[in-house]
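Chain identifiers are assigned alphabetically (A, B, ...) following the order of the sequence lines, protein sequences preceding nucleic acid strands; residue numbering begins at 1 within each chain.
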Amino acid sequence: VRALLLSAALLLACNHPAGGKPPPDLSPAHEVAQREQATQTMQQNCQMCHSLDLVRAQRLGKGGWEKEVKKMIGWGAPVPPESVASLVDLLTAELGPDVPLTAAEEVDPASVPAMVVPDREGRPGDAKHGATVYQTACASCHGADGLGGPVGPAIAQRPVVWRSADFEEVVRTGRQRMPSVPLDQASLLDTLAFLRAQR
Amino acid sequence: MLGGLVGAGAAWWLRPAWAAGEKMIVRATRPQDLETPGAGLDPEITPIDRFFVRSHFGPAILDGNHRLEVGGLVSKPLSLYLDDLKKLPHTTVTAVLQCAGNGRALFKPRVPGAQWERGAVGQARWTGVRLGELLHRAGVKPEGRFVRLGGADRPPMPKTPQFARSIPLSKALHPSTLIAWEMNGEPLPLLHGAPLRAVVPGWVGDDWVKWLGSIRVEPAEDAGFYMKTGYRLPEPAIQPGQSAPPENMHVMTSMVVKSLITRPTDTAVLAAAPQLIAGVAFAGERAVRAVELSLDGGKTWQPAALDKSKGLGSWQRWQLPWTPQPGRHRLVVRATDDQDVTQPERPAWNPGGYLWNGWDQVTCEVRA
């Protein structure tokens, strides 16, 4: 048993030459996994404020990406500290200065106003009941007042609460970090009424 | 001869360059950043549906209970509904709105931000009350030196700074500076800042605050990100990719001289027949004195016919008759303002990618 333990310790020592820190795993499978994880970091922490087409149009070197990611974290992007380096590496590899540009999407101008037009006709809900529902179902992420919390963006005073179909879709299906929230229709409308009344 | 061709051109002008089915270029889906393609810049007044859109945080939805607050260093703070504002004397100005970052994608090395190329610019007729009228009614105290224009669009994360700009009192009191509720004779659309936006003719778009929530007279510029860090230019100029010490970074104010070719459009295929090369030119608070075209990549230049300035911050149209030979042609334009500043081949690089005003160019193919 002793010999076995010793050889295990030796093996560990060989694997961790510099003060116990493991060397980087350079296997292709590991690289793929890391890239997938970094992509997930981007999807989960950027889109609460802006769409990813804005990111994909950039071409920056590593220094530029480091600065941008740092700025966005300062502005509230909840990127976990341990994921920053791999996110910067992903951005630099896929959106570096020498990566060819892709053509921007186009949109029919006639369809543009409908993207933002508010839905003022939504059925009025009970804001008081909505406040209770909100505190139970939403406040831990989006903050007590709906103006944003540690991981959830502001929803009060944001376009989403003036478009009840958009609001309902997000609540029902979830989005990135947010799970779907099982609210009955009346509670959903009450929550909307509460959020619309928030100033 | 020139007169005849210009006359013919005026009729030709009426034909829309904007083809059916023409699209806006999406620089960001959310919040909306939409760029006007070259042909959309051709009309004197840019129609609303092809006017570029730039948003910091997306529309604030301000309902009928919203009031515009005018406060700070004033003797009589005001709190006005849109209907109250509409009862005040109002005026209409025709002025160019250009995003500070229009042309950002043309800087090398690239800088972060919406990757605008040529079309984050347009001209509209803006109707509203003079900001000076509101300040006069509120009574500016002697210590008041800047007017802070606060956007009501709320950032998604609490740590993201809310948008606000300060303009000096002198610019706020200029008779062209408005708080507007109409664009091209229509109610201001939501994507363009409804119910109210600032109109600051001659100055860069960042001062034209949309979804205006408050106006405050203050002793100094706002201390927020958009005055102290963003929207600043290095002076003296720096080498590409370098940074300047903070004391050399200055707040942007007036736009700089620039011209754009709107006919023909880039990559157009044309007939070898007499036609006009045409476009627009503007110079912020200055007027444009001359526009020149080069058909040999900038070696020689010929003057274009240029409209007179129609007022502070408006653009001037220009045109040049052209009878091309079959083949590929690169057309290059540059403008000169009334202080003899000429549009450079490439402007000095800056870290924000602001105020690109390099020679504009289009390439087209002429077939026999």
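Here the shortest heavy-atom pairing between Arg110(B) and Leu101(A) reads NH2-CD1, 3.0 Å. When all heavy atoms of Pro150(A) and Met157(B) are compared, the closest pair comes out as O-CE, 4.3 Å. Across every non-hydrogen atom of Val116(A) and Leu191(B), the tightest pair is CG2-CG, 3.7 Å. What you find for Lys159(B) and Gly76(A) is that their closest heavy atoms are CB-N, 3.9 Å. Between Ala154(A) and Arg154(B), the shortest heavy-atom contact is CB-CD, 4.4 Å.
At a 4.5 Å heavy-atom cutoff, the contact between Glu68(A) and chain B is made by side-chain atoms alone. Of the two parts of Pro112(B), the backbone and the side chain both hold a non-hydrogen atom closer than 4.5 Å to a non-hydrogen atom of chain A. Contacts between Val111(B) and chain A at a heavy-atom distance below 4.5 Å involve the backbone alone (N, CA, C, O). Heavy atoms closer than 4.5 Å to chain B are found in both the backbone and the side chain of Pro159(A). Heavy atoms closer than 4.5 Å to chain A are found in both the backbone and the side chain of Pro59(B). Using a 4.5 Å cut-off between heavy atoms, Ile48(B) does not touch chain A at all. Both the backbone and the side chain of Ile25(B) come within contact range of chain A, judged by heavy atoms closer than 4.5 Å. Both the backbone and the side chain of Phe57(B) come within contact range of chain A, each with at least one heavy atom under 4.5 Å from a heavy atom of that chain. Ala103(A) does not touch chain B: none of its heavy atoms, backbone or side chain, sits under 4.5 Å away.
Heavy-atom neighbours of Glu82(A) CD from other residues, nucleotides or ligands within 6.0 Å: above the threshold of 12. Within a 6.0 Å radius of CZ in Arg35(A), no more than 12 heavy atoms belonging to other residues, nucleotides or ligands are found. The neighbour count for Lys108(B) NZ, taken as heavy atoms of other residues, nucleotides or ligands under 6.0 Å away, does not exceed 12. For Glu31(A), the CD atom is loosely surrounded, since the number of other residues' heavy atoms within 6.0 Å does not exceed 12. For NZ of Lys228(B), the number of neighbouring non-hydrogen atoms (other residues, nucleotides, ligands) closer than 6.0 Å is greater than 12.
Between chain A and the residues Ala105(B), Gly113(B), Ala114(B), Ala152(B), the most heavy-atom pairs under 4.5 angstrom are made by Gly113(B). Of the residues considered (Pro113(A), Ala156(A), Gly148(A), Pro78(A)), Gly148(A) shows the highest number of contacts with chain B, using heavy-atom pairs under 4.5 Å. Interface check for chain B: of the options Met72(A), His142(A), Arg158(A), the most heavy-atom pairs under 4.5 Å are formed by Arg158(A). If you tally non-hydrogen atom pairs under 4.5 Å between each of Pro161(B), Ala28(B), Pro156(B) and chain A, the highest count goes to Pro156(B).
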Worked check of side-chain contact (heavy atoms from CB on, under 4.5 Å) between Asp108(A) and Lys23(B): CA-CA 5 Å; Asp108(A) 178 356; Lys23(B) 302 274 174 56; 4.1 Å; yes
Test log, rule side-chain contact (heavy atoms from CB on, under 4.5 Å), inputs Gln32(B) and Val112(A): CA-CA 9 Å; Gln32(B) 290 83 9; Val112(A) 170; 5.7 Å; no
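In this structure, Met115(A) CE and Thr29(B) OG1 are separated by 7.5 Å, a value rounded to the nearest 0.5 Å. How far CG of Leu34(B) is from CD of Glu105(A): 12.0 Å, rounded to the nearest 0.5 Å.
Residues of residues 43-61 of chain A having a heavy atom under 4.5 Å from any heavy atom of chain B, listed by number: Gln47(A), Met48(A), Cys49(A), His50(A), Ser51(A), Asp53(A), Leu54(A), Ala57(A), Gln58(A), Arg59(A), Leu60(A).
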